[in-house]
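Below is one structure, written out as structure tokens, with a few remarks after it.
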Amino acid sequence: MVEENMRRKLIVGNWKMHGSRDQVSQLLGDIESGSERLLKDVEICVCPTYLHLGLAFDLLASKSGVGKGQIKLGAQNVHVEAAGAFTGEVSAHMLSEYGVSYVIVGHSERRQIFAESNQFVAEKFMAAQASRLTPILCVGESLDQRQDDETERVVLNQLDAVITVAGIAAMKEAVIAYEPVWAIGTGKTASPAQAQQVHRTLREHLDRLDPAIAKGMRIIYGGSVKAANAKELFSQPDIDGGLVGGASLEAEEFISICKSADQESCKL
Ligand code: PEP
């Protein structure tokens, strides 16, 4: 039996390909000042574009220090190799030099638009860890797969693809994001019960492989999370925070989502 909620909530803002230098400065500043009012039971991470990581790094460093304050930096992608002739790519070590703590791997937009395979995602997962970055492994089913009752098979297959390559012990320093593809950027959210069921399935699967890892694993939910639905989602026993796209681009909305997570953490 998996014990519930020994885990600190994590809220990750995925800014995708949005923002000018001015907008990034403003948004980060507003999130920083808004988050000062939060308790320390929630961890916050923002993922700007590669191009804006340096700016975000400087802004955070001028305050509390990158990685030391409440707001962590994350990257939206990473390449599998450490260096070399890979035009347009960025390595995990380069990210680590900019204070990056987390890297999103296996996001459905990268799987679908950039044809990233399970194997490639597993290699990215390991490349991130080799530079001491924590991978946020995204898994999730399409609408057709859900309608065909394939959700469990799909998400466990995506998870197992990484475990097979990286080993179960590697999951100790990782986060899983359950992101039903049909809920990303669509305004449709999985109901708290639907999301909880998949999170529980993922945790039970890990529990069969390594109970301690299952217990400590943060499994966050992504898919049209907003202030209005965050509290109910985060109150589910196996939902340990959120991966937030659109709603992370508005400071007030994002802070309100973080507050919902903080309040839920406080209850434990
Ligand atoms: C995402 O980008 O991972 C995401 C969940 O986006 P949105 O919150 O906009 O659905």
Side-chain angles (χ1 to χ4, degrees), residues 1-14 38-47 72 74 102 104-108 134-141 146 151-152 154-156 158-159 171-208 211-248 253-268:
M1 175 69 187
V2 181
E3 277 188 48
E4 291 170 358
N5 269 331
M6 306 294 293
R7 304 167 294 271
R8 191 174 180 214
K9 291 263 193 291
L10 170 67
I11 306 297
V12 181
N14 177 11
L38 292 177
L39 301 175
K40 299 293 175 203
D41 286 329
V42 62
E43 190 180 354
I44 301 169
C45 171
V46 295
C47 306
K72 304 261 169 61
Y102 290 96
I104 298 171
V105 298
H107 192 283
S108 62
T134 302
I136 299 171
L137 170 65
C138 301
V139 298
E141 82 287 2
R146 173 160 283 266
T151 300
E152 183 168 324
V154 170
V155 298
L156 293 185
Q158 289 170 334
L159 174 59
M171 298 309 293
K172 189 161 187 285
E173 302 299 333
V175 171
I176 297 172
Y178 167 56
E179 297 211 300
V181 180
W182 48 271
I184 297 178
T186 58
K188 288 184 199 146
T189 319
S191 70
Q194 279 175 323
Q196 164 59 23
Q197 192 182 352
V198 179
H199 282 233
R200 173 50 60 124
T201 296
L202 289 162
R203 200 178 305 285
E204 283 177 348
H205 185 67
L206 291 170
D207 190 54
R208 286 188 284 276
I213 284 174
K215 193 169 147 187
M217 173 61 70
R218 287 186 294 179
I219 308 177
I220 62 178
Y221 168 79
S224 300
V225 174
K226 41 188 185 277
N229 58 29
K231 197 166 165 36
E232 218 190 326
L233 284 162
F234 301 157
S235 65
Q236 301 301 308
D238 289 290
I239 300 185
D240 305 311
L243 177 50
V244 186
S248 69
E253 181 82 2
F254 186 62
I255 290 296
S256 166
I257 291 169
C258 295
K259 273 190 190 154
S260 303
D262 203 38
Q263 284 157 10
E264 287 308 321
S265 296
C266 287
K267 280 186 187 159
L268 304 177

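Position 1 is the first residue of the sequence; numbering continues from there. Owing to the predicted nature of the structure, the values given are computational and were not obtained by experimental measurement. Note: hydrogens, waters and symmetry copies are ignored here, and every other heavy atom, side chains too, is used.
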### Task
Test side chain to side chain contact (heavy atoms under 4.5 Å, CB included) on I176 and M171 and set out the steps.
CA-CA 9 Å; I176 297 172; M171 298 309 293; 4.1 Å; yes
### Task
Compare every heavy atom of G241 with every heavy atom of I11, then report the nearest pair and how far apart it is.
CD1-CA, 4.0 Å
### Closest approach of M217 to A174 (non-hydrogen atoms, all atoms of both residues)
SD-O, 3.4 Å
### Message
Can you give me the closest heavy-atom contact between G140 and V154, atom names plus distance?
### Response
O-CG1, 3.8 Å
### Query
Looking at CG of N14 and SG of C45, how far apart are the two atoms once the value is rounded to the nearest 0.5 Å?
9.5 Å
### Query
Does the side chain to side chain contact (heavy atoms under 4.5 Å, CB included) test come out yes or no for V155 and H205, once each step is laid out?
CA-CA 11 Å; V155 298; H205 185 67; over 6 Å; no
### Neighbour count >12 (heavy atoms, 6.0 Å) for atom CD, E253
yes
### Query
Looking only at heavy atoms, what is the nearest atom pair of A190 and A183, with distance?
N-CB, 4.3 Å
### Message
Which residue in the set R7, K215, R8, R218 passes salt bridge (Lys or Arg N to Asp or Glu O under 4.0 Å) when paired with D240?
### Response
R7
### Query
Taking atom OG1 of T201 and atom CZ of R203, what is their separation to the nearest 0.5 Å?
11.0 Å
### Query
What pair of heavy atoms forms the shortest contact from L159 to V139, and how long is it?
N-CG1, 4.1 Å
#### Entry: K172 NZ to L206 CG distance, which is reported to the nearest 0.5 Å
14.0 Å
#### Entry: Exam field: side chain D238 to backbone Q196, donor-acceptor pair closer than 3.5 Å
no
### Message
My understanding is that only residues two or more places apart in sequence, or in another chain, count here; which of them pass side chain to side chain contact (heavy atoms under 4.5 Å, CB included) with T189?
### Response
Y221, S224, K226, N229, L233
#### Entry: Atom pair CD1 (I220) and CD1 (I239), whose distance is rounded to the nearest 0.5 Å
11.0 Å
### Task
To the nearest 0.5 angstrom, please state how far the OG atom of S260 sits from the CD1 atom of I255.
11.0 Å
### Query
Below 4.5 Å, heavy atoms only, C-beta onward: do S248 and V46 meet side chain to side chain?
no
### Query
If you draw a 6.0 Å radius around CD in Q194, do more than 12 non-hydrogen atoms from other residues or ligands fall strictly inside?
yes
### Query
Which atoms form the tightest heavy-atom contact between V12 and C47, and what is the distance?
CG1-SG, 3.6 Å
### Task
Could you list the residues that satisfy side chain to side chain contact (heavy atoms under 4.5 Å, CB included) with T151, not counting sequence neighbours?
E141, R146, Y178, V198
### Q158 vs L137 side-chain heavy atoms within contact, under 4.5 Å
no
### Task
Quick one: pull up CG in L243 and CD1 in I136 and give me the separation to the nearest 0.5 Å.
6.5 Å
